[in-house]
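In what follows, chains carry the letters A, B, and so on, assigned in the order in which the sequence lines appear, proteins first and then strands, with residues in each chain numbered from 1.
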Amino acid sequence: MNGTGRVAIVASFTALIIGSDLALSGPEFSNVKLLDTLVFVAAYAFGFRVGAAVGVLSETIWSFISPIGMAGVIAPFLVTGELLFALAGWAASKVWGPRPRILSANSLFIGALLAVSAFAWDLETNAATAIIWYWPSLGVAQLLATMFNPLTLLFALAHEGSDFAFGTLVAPSFIRLIPKAFGRRS
Amino acid sequence: MMPTKGAFYGTVVLLVALLIVSSTAAVVYYGQYQQASSQNQRYVGELSTALSSYRALSGSFNASLDDYSQTLSLLATAVANLNTSTPAYHDASTALATLWSSYQELASASGRGALVYGVHLLVDFGNGTRRWYNDSTAQPGWNGYVVSLVLLRGNIQAAWYPQYGEHFVTGVEGVSQSASESWFVWEFSGGSWVYAQTGADQIRISNGTTIAWTLCGYDASYNPTCVP
């Protein structure tokens with residue numbers, strides 16, 4: 001695929017992500033986002049560079065236009081965290097091939113991989129929260145307490161759970177269908 | 001008997017004199033009338049100008065009230081999205097309650113009142129001490145965290161997790177969590193207290209919303225072991 005095609009894919013995915021983020025921005029969908037799944041799908045179907053570009057671009061935009069307010073100094077950490085999903089999607093494509101089976105054990109593995117990536121993203125951003133919160137007097141104990149505070153895992157559960165559900169139910173279908181929509185036969 | 005000529009002239013002179021006197025009085029009073037009328041016109045003009053000024057002032061006051069309301073809303077949104085360790089957060093979170101009271105007083109004085117939701121807040125310290133903030137008010141659009149912050153006059157200790165859009169509350173009214181107890185937020189719904197599965201930031205406020213903060217222990221699944 002040429003550069004123009006890749007730009008079109010990145011733009012389309014980013015638009016889809018921002019639109020779905022806005023649609024799911026109400027409190028009833030707290031921390032439920034299609035963003036991670038779509039970054040994963042982009043990387044799975046079109047390679048790490050495309051997935052990373054989608055993740056960086058969409059998370060950067062979302063950090064500024066989110067209805068709950070701008071992310072502020074944590075934004076670079078949120079953007080960096082999205083690379084985890086791109087990396088996971090690219091790695092998964094090497095393991096399960098270009099056409100993962102829908103509603104199969106493969107689907108569960110993809111869901112689990114997304115949930116694990118979401119957990120890693122949560123840890124990374126929790127670490128960033130600790131850095132910002134305690135700066136410049138951050139200690140290891142404070143860092144670990146903020147990263148692994150069980151009571152804040154409640155915030156992350158919806159994120160990880162929804163990523164697992166989207167990864168199991170949606171991602172395999174997207175991986176098979178979206179490249180076709182862009183005229184690529186896999 | 002015919003009146004004499006002298007009497008006739010005398011009567012005429014008297015009548016002429018009366019005419020002159022009454023005319024003079026009329027001229028004097030007419031002058032005074034004109035003066036009073038002129039003054040009256042000036043007062044009417046001044047009153048009219050004052051009325052216009054009052055109406056303009058009243059319009060400006062109402063516009064200022066609207067701006068005040070919008071500013072409060074923006075401030076509340078800013079406070080809800082600020083890193084809680086920053087001085088700006090500390091200043092704004094304590095000022096918000098005072099500003100909210102001041103706004104309501106001004107809106108009430110204007111005769112139109114403020115558009116508010118009635119809310120209730122309970123703080124249960126877990127040691128038998130319960131503090132109710134009944135019949136309080138909140139601005140439409142505030143979430144559960146901002147309502148708590150305003151009603152408790154900024155006396156909440158919390159860490160802001162921007163990635164989740166949530167505050168993790170570690171202390172309320174100077175009472176901090178411990179190794180075995182933490183603060184949990186509840187919403188009164190359907191006749192019973194419901195533990196908020198997300199956080200106070202995700203609680204939507206409507207008229208009559210009742211929120212509770214409880215300090216209590218939790219089980220292995222991190223669910224609270226108490227009910228307000």
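Within 6.0 Å of CZ on B:F125 lie more than 12 heavy atoms contributed by other residues, nucleotides or ligands. The neighbour count for A:W135 CH2, taken as heavy atoms of other residues, nucleotides or ligands under 6.0 Å away, does not exceed 12. Shown here is B:R42, whose CZ atom has more than 12 heavy atoms of other residues, nucleotides or ligands within 6.0 Å. Sparse packing is recorded around CD of B:Q35, with 12 or fewer heavy atoms of other residues, nucleotides or ligands lying under 6.0 Å away. More than 12 heavy atoms of other shown residues, nucleotides or ligands fall within 6.0 angstrom of atom CD in B:E46. In A:W90, the CH2 atom is not crowded: 12 or fewer heavy atoms of neighbouring residues, nucleotides or ligands sit closer than 6.0 Å.
Proximity to chain B involves both the backbone and the side chain of A:T125, based on heavy atoms less than 4.5 angstrom apart. For A:A158, no part lies under 4.5 angstrom from a heavy atom of chain B. Residue A:S63: no heavy atom, backbone or side chain, is found under 4.5 Å from chain B. For A:A156, the parts lying under 4.5 angstrom from a heavy atom of chain B are both the backbone and the side chain. Interface residue A:L78: only side-chain heavy atoms are found under 4.5 Å from chain B.
Using a 4.5 Å heavy-atom threshold, the side chains of B:Y161 and A:I74 count as separate. In this structure the side chain of B:W160 never reaches within 4.5 angstrom of the side chain of A:I132, judged on heavy atoms.
In this structure, OG1 in A:T129 is found 12.5 Å from CZ in B:F168, a value given to the nearest 0.5 Å. Atom CD of residue B:Q163 and atom CH2 of residue A:W121 lie 5.5 Å apart, to the nearest 0.5 angstrom.
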Walk me through whether A:W133 and B:T84 qualify under side-chain contact (heavy atoms from CB on, under 4.5 Å). CA-CA 8 Å; A:W133 170 256; B:T84 51; 2.5 Å; yes
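Taking chain A as the reference chain and counting heavy-atom pairs below 4.5 Å, the highest number among B:N81, B:L82, B:N143 is found for B:N81.
Summarising the geometry of A:A71 relative to B:P162, their closest heavy-atom pair is O-CB, 4.1 Å, with the distance given to 0.1 Å.
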